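Below: one structure, written as structure tokens.
The figures that follow rest on heavy atoms only: side chains count, while hydrogens, waters and symmetry mates do not. Predicted model, so just to flag it, every value in this text is computed and none were measured. Whatever order the structure lists them in is the order used to number ligands and atoms, beginning at 1.
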Amino acid sequence: MSERVLVGAGVGTGISIAPAFKYSSTKYVPWESDKAGSTRGLIAIKAAIAQVEQDLDQSIRAADPEAASILEALKLTLSDPSLVSGIKERLADGANSQRAVAGAFSGAAKALSSLGEYFAARAADVEELGNKVIKVLSGEEEVQFPKTPFVLVADSLGPIEMNRLVGSAVVGLITRTGSATSHTAILARAADLPTVVSVLGSDFIHEGDLLIVDSSSGQVLVNPDEQEQRQYNQAFTKSIQKIEVTEGLLNVDLYANLGSSSEAESALAFGAQGVGLFRTELLFLGAKQAPSLESQILEYSRLLSSFPNKRVIVRVLDLDTDKPLPFLKLAESGKYANRGFQALLSNIGVLETQLQALAESAKRFPSTELWVMAPMVTSPKQAKQFVELAKSYGLKTAGVMIEVPEVCQEEPLQEILDAVDFVSIGTNDLTQYTLNLDRIQSVIALSDVRKPEVLSLIERVIAKARSSKKPVGICGEAASDPISAKLFIDFGVTSLSLSPALLPGLVRALRN
Ligand code: PEP
Ligand code: MG
């Protein structure tokens, strides 16, 4: 019997066995106040930021394309002017350099978190970037990884550290926090590194403990006995065979999920046939008032111009109003009231401006096939409302996301399908709401989508959409998981949309 079995969210499908190497990334430690004055502090901080930028450039040049695109996006964060102004404000208020950097970066991370799960997962990356700047400021040395195979055990790990890790003797990864949709998880999947995130009780692991990391079940066995080691070795062989038999036709469109038009180029480089989900939340981030019609036209036009003769599906704003933006009114109380389309109904002006900007951009780039969709629609009435409104602006193709179990029931589903041009299944939300989990607080594994309660709903939505002759896509993270993707294809899904960096890996896995 192993000493302990810990459980978390598995990322990928592999198994690894090796001793633990405990790693703690830099955390903010208050140091003596640098009363020398904010000007000197600011100069040192700017130099540290420039150093981190340079290190990132070096990593980008050495990284594979998946990691490079993630690191490029992080590098952009460093040139965000609001970050420097946040640091200046804190220095002027008397904070020392470390505190000023930590405060400004966590402010930026918090703003991201308030935009929902997808961006919350990226907030940790911004925190990591801040830690990196602090590390340079304090002249701290990088930790050296062991030269023999090891499983890295950390509280959390950002993409910069993750990139440093790939290429070392690492064979597995365990983190106490983090989600299966974070950049770290994306990079771990891309590097085929068996990983379990959100492992409760990871503190019980000691340096050098022998660990079995089973990323399919999300289990971590601490100091397993010999019999368990043998069993896991056999299971490992079987799991490889299971992937090999998922041979398949790629009878499905493969699209990219994007959060900004700046990601278009790399999406195309990764082979995206179009965009299956353009999240518009970033446009609204940190804004004191709703983004203007002109600024939205600019962003959507940039996006559409990058995909001539291809399909681009743009989702209108999906914000949680529990951390409201100053210009958003709170929705009425009730289940799902503060999410998605329902929240937009209380802020109809915001939705109208978005639709107007989309329609105007579509006119400018007629060769791009623009489809628009509403998030978190909870009734046929809402679906009809959205489609009517979108069409009143001249938008030709309008659909909705299927993300709550209520709309997967026979009758409402059929009514929705009769009203829309297409549907897209958001498996992230559909999984959390069907299994009654909280996406941020709970441990949700990518494989949870294959639990019978969730999978049966997905199968029904796809079957009904096909019999109604309406395109049906999947744009949640599960689309990137080869085992789930194969099931969705067997059910008859017409498109899969995922992070662009994961497209090549999925194609490889489906072709094998
Ligand atoms: C989903 O819920 O699966 C989805 C794609 O939407 P988001 O992750 O943005 O909530
Ligand atoms: Mg969703």
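For Leu277, every heavy-atom contact with ligand 1 shorter than 4.0 Å involves the side chain, none the backbone.
Taking 2.8 Å as the threshold, Asp318 does not count as a candidate ligand of the Mg ion (ligand 2), since none of its N, O or S atoms lies below it.
Nearest heavy atom pair, residue Arg339 against residue Tyr433, reads NH1-OH, 3.6 Å. When all heavy atoms of Phe270 and Leu503 are compared, the closest pair comes out as O-CB, 3.8 Å.
In summary, the atoms of ligand 1 found under 4.0 Å from a heavy atom of Gly426, numbered by their order in the structure, are 1 (C), 2 (O), 3 (O). Set against the non-hydrogen atoms of Asp429, the atoms of ligand 1 under 4.0 Å away are 1 (C), 2 (O), 3 (O), 10 (O). Taking every heavy atom of Cys475 and a limit of under 4.0 angstrom, the matching atoms of ligand 1 come to 5 (C).
When the N, O or S atoms of Glu403 are ranked by distance to the Mg ion (ligand 2), OE1 comes first. Among heteroatoms of the N, O or S kind in Asp429, OD2 lies nearest the Mg ion (ligand 2).
Residues Arg364 and Glu360 are paired through a salt bridge, judged by an N-O separation under 4.0 Å between the basic side chain and the carboxylate.
With sequence neighbours excluded, the residues forming a side chain to side chain contact (heavy atoms under 4.5 Å, CB included) with Ser295 are Pro291, Ser292, listed by chain and number.
Counting heavy-atom neighbours within 6.0 Å of Gln414 CD, excluding the residue itself, gives a total above 12.
The nearest non-hydrogen atom to atom 2 (O) of ligand 1, considering only Glu403, Met401, Arg339, Glu477, comes from Glu403.
The distance from atom CD of Glu410 to atom NZ of Lys464, rounded to the nearest 0.5 Å, is 4.5 Å.
The closest side-chain heavy-atom distance from Arg315 to Glu281 is below 4.5 Å.
In this structure, Arg315 has a heavy atom closer than 4.0 Å to ligand 1.
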